[in-house]
Every structure is written in C-alpha cells, then in structure tokens.
Amino acid sequence: MHEFEVKTTVSPIRAHVVHGSEQLIASEGCTLFLLSVLIGPPSQSTSFSLASKVRDVERLLANDATRKRRYFEALINLGLQQADMIHYE
C-alpha cells in the first residue's frame, strides 16, 4: 500500500514546513512518498492546464470511440466532470 505526504509551497526554492516527524513516517506495511507541489504564476512557454491535457488526450482518441468513452468514464470516476473544466484552465 502507498501513502502520500503532499507539501505545497509558493516559494521558488520549494521550502516546506513539516509539522512533526510523524508526517514523514509511513504506516506499518506502507511505502511513503513525499510530493512537493509548487504553486506559482505560469510560464508562457512551458505551462499547461489540466483542461488542455484532457483535450490533448481527447484528440488522440478521436478515432476510437470505445477508448474515448472509457477515458471520459475514468475521468468521471476520478471526480472530474466536463462542466468543471472551466475551473482547470
């Protein structure tokens, strides 16, 4: 089983605060992964949005209706609704 400790920062040096060593100790039988998320202004040349990546995959599946349907079903199962895509631009 996997566990994730997600740390988020707006600092360009990825400085995080750990509130106790227990945040960095995996539960018994688990592997702990530490994920660092940097939130900042997008770069014009290298940035992308979740919505743009969803559209990219949709275009790749344009000629395969079955796989395209399964793709959108998977997104819905993950909680991503088409109506919410405007929030992910």
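The figures here come from the full heavy-atom set of this structure, side chains too, leaving out hydrogens, waters and symmetry mates. Quantities reported herein were computed from a predicted structural model and do not represent experimental measurements.
In this structure, CD1 on Ile86 lies 11.5 Å from OG on Ser49, to the nearest 0.5 angstrom. How far CG of Leu61 is from OG1 of Thr66: 10.5 Å, rounded to the nearest 0.5 Å. Going from atom NE2 of His16 over to atom CG of Leu34 covers 7.0 Å, rounded to the nearest 0.5 Å.
Considering only heavy atoms from C-beta on, Lys7 comes within 4.5 Å of Gln23 through its side chain. Residues Phe33 and Glu5 have side chains not in contact (no heavy-atom distance under 4.5 Å, counting atoms from C-beta outward). Annotation: side chain of Leu80 is in contact with side chain of Val54 (closest heavy-atom distance under 4.5 Å).
At a threshold of 4.5 Å between side-chain heavy atoms, the hydrophobic network of Ile, Leu, Val, Met, Phe, Trp and Tyr places Ile25 and Val18 in two separate groups. Connection of Met85 to Ile76 is not established within any shared hydrophobic cluster, with ILVMFWY side chains joined at heavy-atom distances below 4.5 Å, either directly or through further cluster members. Taken together through direct or relayed side-chain contacts under 4.5 Å among Ile, Leu, Val, Met, Phe, Trp and Tyr, Val10 and Leu35 form part of one hydrophobic cluster.
Using modelled atom types, one side-chain atom of Glu3 and one backbone atom of Ser27 make a donor-acceptor pair closer than 3.5 Å. Between the side chain of Thr9 and the backbone N or O of Leu38 there is no donor-acceptor pair closer than 3.5 Å.
The minimum heavy-atom distance linking Tyr71 with Lys53 is given by the pair OH-O, 4.2 Å.
More than 12 heavy atoms of other shown residues, nucleotides or ligands fall within 6.0 angstrom of atom CG in Asn77. Counted within 6.0 Å of CZ on Arg70, heavy atoms from surrounding residues, nucleotides or ligands total 12 or fewer; the atom is thus considered open. Few gaps surround CG on Leu24; more than 12 heavy atoms of other groups in view lie less than 6.0 Å from it.
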